[in-house]
Amino acid sequence: MQNTSVAIALSALSFMLSVIWGPPLLRVLIHFKVGKLIRIEEPKSHLIKMGTPTMGGVMIVLPVVLLTVLLNGAEVIGFRNIARAGLLPVFALVAYAVLGAVDDWEGIRGPRRGLGMRARTKLILQTILAGGIAFFLYFYACPAHLFWSPTLTTFNLGLWYIPIAMFIIVGMSNAVNFTDGLDGLAGLISAMGFIAYGIIALVQDQPLVAQFCFIMVGALFGFLWFNMHPAALIMGDCGALALGACLGLVALLTSQWLILPLIAIIPVSEAFSVTLQIGYFKLTHGKRIFRMAPMHYHFELGGWSETQVVQRFWLISLLFVLFGVAIAIM
């Protein structure tokens, strides 16, 4: 009960910090003209977003880093339980946020203006970061490799755990990045995921992992204060890559990553829609399954308004999150 109260209090504090520092961040981004560029193939309704300040992930990262490091200062000195204390997720958050910020900056001011970093380069860097995190998880953090709640069974995957962990981290990083595209969508879906794993961590008596999750939730709600339609601030790769990587990581820390496709049903579906669209396009020499991928654009081009897509995707996510948490704690 005490751990739950602390987690909720930290979430509220993180929310307040994000909301307070949001307006100064917006002024800085506007001053340096860090504005979103709209691709010509996106729905025409998105043209109104041209120039909206991006790299809003910074608003999420700073409060989370500040609060988590302060909470885990004693662990830093002793280098004990560093991953479970929430500091490994902080490293993942910062590392992927920096990678995303470089991608955002290249897309705004770099030689690949409007495109950002090359997909292959970004994927290689994501994989290198994920490899380091997975290595640390396996050799130092030593969480249970896989826990299946319905049978109360723990599985040891041996060295196979490392490539699996890398795939989960990189896959979720890109999945949330694909989800980012409509006002409030990636933020709402990510918040639901962290709430789910925060509850699971509390049930498992992992208070520090739970605290990290709920700090993330508070920061995300603070970001959504400025990101809900019509957005005054856009997340960008700076936020999306980092959120996805951290969501995959907390799933690994709780050993409940088998239910991640349920808890993150929307990001997983978005990533699958892109993969399916590209594969079918190449196989059929130009035919498409979706009007446009990721699939939120498919529904928007089909007549749904932006807010309808976000609200309906959020409702679907909520149902699957409840289902996933029920499996985890049964």
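- Applying the 4.5 Å side-chain rule to ILVMFWY residues, one finds Ile128 in the same cluster as Ile124.
- Applying the salt bridge (charged side-chain N to carboxylate O under 4.0 Å, His left out) rule to Asp103 yields the partners Lys122; only residues at least two apart in sequence or on another chain are considered.
- Residue Phe178 belongs to a hydrophobic cluster whose other members are Val274, Ile278, with links defined by side-chain heavy atoms closer than 4.5 Å.
- Taking Phe299 as the reference, Trp304, Phe313 meet the ring pair (Phe, Tyr, Trp, His ring centres under 6.0 Å) condition, with sequence neighbours excluded.
- Applying the side chain to side chain contact (heavy atoms under 4.5 Å, CB included) criterion to His298, with sequence neighbours excluded, gives Phe290, Arg291.
- Annotation: side chain of Phe281 is in contact with side chain of Arg288 (closest heavy-atom distance under 4.5 Å).
- Residues satisfying the side-chain hydrogen bond (donor to acceptor under 3.5 Å, both in side chains) criterion with Ser173, sequence neighbours excluded, are Gln126.
- Take Ala92 and apply the side chain to side chain contact (heavy atoms under 4.5 Å, CB included) test, not counting sequence neighbours, and it matches Ile133, Cys246, Leu249.
- With sequence neighbours excluded, the residues forming a side chain to side chain contact (heavy atoms under 4.5 Å, CB included) with Ile30 are Pro53, listed by chain and number.
- The shortest side-chain heavy-atom distance between Ile263 and Ile200 falls under the 4.5 Å cut-off.
- Residues satisfying the ring pair (Phe, Tyr, Trp, His ring centres under 6.0 Å) criterion with Tyr138, sequence neighbours excluded, are His145.
- Gln204 contributes a side-chain N or O that, together with a main-chain N or O of Thr254, makes up a donor-acceptor pair within less than 3.5 Å.
- The hydrophobic side chain of Leu319 is isolated, with no ILVMFWY side chain under 4.5 Å apart from it.
- Partners of Gln311 under the side chain to side chain contact (heavy atoms under 4.5 Å, CB included) rule, at least two apart in sequence or in another chain, are Thr307.
- Listed by chain and residue number, nothing satisfies the side-chain hydrogen bond (donor to acceptor under 3.5 Å, both in side chains) test with Asp205 (two or more places apart in sequence, or in another chain).
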